[in-house]
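Read the structure below first, then the notes.
Sequential numbering from 1 along the given sequence is applied to the chain's residues. For clarity, every value in this text was computed on a predicted model and none was experimentally measured.
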Amino acid sequence: MGKGCVFCGGTPLTKEHVLPRWLKVALDPTVRRHRYIALSGDVTRQHVAPPLNEQVKVVCSGCNSGWMNQLEEDVRSFLPDLIRGKPHDLDLEAQKALGSWSLKTMLMYLQTHPAEARRVVPEEDFGRFHQTHQPSASMLGRLGFMNYPPDDSIPLADTLFQGYGTPGTDHVAWVGTLKVGCMLVQIIRVPDVAEGYRLTPYEPLPSLRQLWPPAEPIGWPLPAAIPYEAMTGLAAPDGLDLPVTPV
């Protein structure tokens, strides 16, 4: 991508906090953030930084202060509860808002890495997101529960992208996983689904529920927690072979 906005190509570019400053109320300031990105080869890039300090200068003022800001406002009332594991009932609208905010946040995390790493997500996915402000029909989203980190030995916020395809080309399939506190959101993007079909959702688990497309209300916290050591395996499956069904 060039020096224009990663979503619309516009200028001037403005700085965007990867995690919003208003999340300070939900985060333990003594815990640092570890995050990494895995490519489809054997290359792994890792970066460590305080959770609320990270900024990227890749979006224009129109996107930043417009629809991206609205995505923040749509989750502001309940996101701190999810991160701290406090009880909250997520209706379908809240799930839609959470899936959209999570995708935006994952894409901003991606921009902190070199150009080669950023190619895990193709430019067309940024364009579609700019048009709809929500995950596409070629994406599934899952919401998982994890125990809040007891100390700095476990990252407070963690992200992982796994791309699938031929190295050196734009990938059309990827998995993005974002963990902040107790909340884990995963977006699975597969090659475009033909019109008249839809991706078959995963079966619900005690520690994982379907988030996108929203299907039924979710009570938070979930009844079981995903062990932190299981996150890498969850976030980087050996392959993506999701079935489709007629609409």
How close do [X] and [Y] get, heavy atom to heavy atom, and via which atoms?
X: Thr112; Y: Glu54; value: CG2-CG, 3.8 Å
X: Leu234; Y: Gln186; value: O-NE2, 3.0 Å
X: Lys179; Y: Pro149; value: NZ-CG, 3.9 Å
X: Pro206; Y: Pro223; value: O-CD, 3.2 Å
X: Leu199; Y: Ala137; value: CD1-O, 4.0 Å
X: Gly99; Y: Pro135; value: O-CG, 3.9 Å

When you compare the side chain of [Y] with that of [X], does any pair of heavy atoms fall below 4.5 Å?
X: Tyr109; Y: Leu19; value: yes
X: Val6; Y: Val59; value: yes
X: Cys182; Y: Tyr148; value: yes
X: Trp174; Y: Met139; value: yes
X: Phe7; Y: Met68; value: yes
X: Arg189; Y: Leu240; value: no
X: Leu143; Y: Met183; value: yes
X: Val75; Y: Leu82; value: no

Could you go through Trp212 and Arg142, starting from their C-alpha distance and side-chain angles, then the distance that decides it, and tell me whether this counts as side-chain contact (heavy atoms from CB on, under 4.5 Å)?
CA-CA 7 Å; Trp212 180 266; Arg142 298 197 288 180; over 6 Å; no
For the hydrophobic clusters of this structure (ILVMFWY residues joined by side-chain heavy atoms under 4.5 Å, transitively), does one cluster hold both Val185 and Leu92?
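Different clusters.
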Report yes or no: does [X] contribute a side-chain atom to a donor-acceptor pair with the main-chain N or O of [Y] at less than 3.5 Å?
X: Thr200; Y: Pro243; result: yes
X: Asp192; Y: Ser138; result: no
X: Ser100; Y: Ala97; result: no
X: Glu123; Y: Phe126; result: no
X: Gln95; Y: Leu90; result: yes

Can you name the salt bridge (charged side-chain N to carboxylate O under 4.0 Å, His left out) partners of Arg76, sequence neighbours left out?
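Once residues adjacent in sequence are excluded, the partners of Arg76 under the salt bridge (charged side-chain N to carboxylate O under 4.0 Å, His left out) criterion are Glu73.
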Measuring from [X]:[atom1] to [Y]:[atom2], what's the distance to the nearest 0.5 Å?
X: Leu222; Y: Leu205; atom1: CG; atom2: CG; result: 10.0 Å
X: Leu242; Y: Arg198; atom1: CG; atom2: CZ; result: 12.5 Å
X: Leu184; Y: Phe145; atom1: CG; atom2: CZ; result: 11.5 Å

For His133, which residues count as a ring pair (Phe, Tyr, Trp, His ring centres under 6.0 Å) partner, sequence neighbours excluded?
Trp67
Result of checking Lys57, Arg21, Lys104 against Glu16 for salt bridge (charged side-chain N to carboxylate O under 4.0 Å, His left out):
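So, applying the salt bridge (charged side-chain N to carboxylate O under 4.0 Å, His left out) to Glu16 and each of Lys57, Arg21, Lys104, only Lys104 qualifies.
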Flag for Glu72-Trp101: side-chain donor and acceptor within less than 3.5 Å:
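Side-chain D/A pair, Trp101 to Glu72: present.
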Does Glu216 come within less than 4.0 Å of Arg209, counting only side-chain N to carboxylate O?
no
State whether the number of non-hydrogen atoms from other residues, nucleotides or ligands found under 6.0 Å of Tyr202 atom OH is greater than 12.
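Counting neighbours around OH of Tyr202, more than 12 heavy atoms of other residues, nucleotides or ligands fall under 6.0 Å, so yes.
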Using side-chain contact (heavy atoms from CB on, under 4.5 Å), reason through Phe129 and Leu103 one step at a time and then give a plain yes or no.
CA-CA 9 Å; Phe129 190 42; Leu103 178 56; 3.7 Å; yes
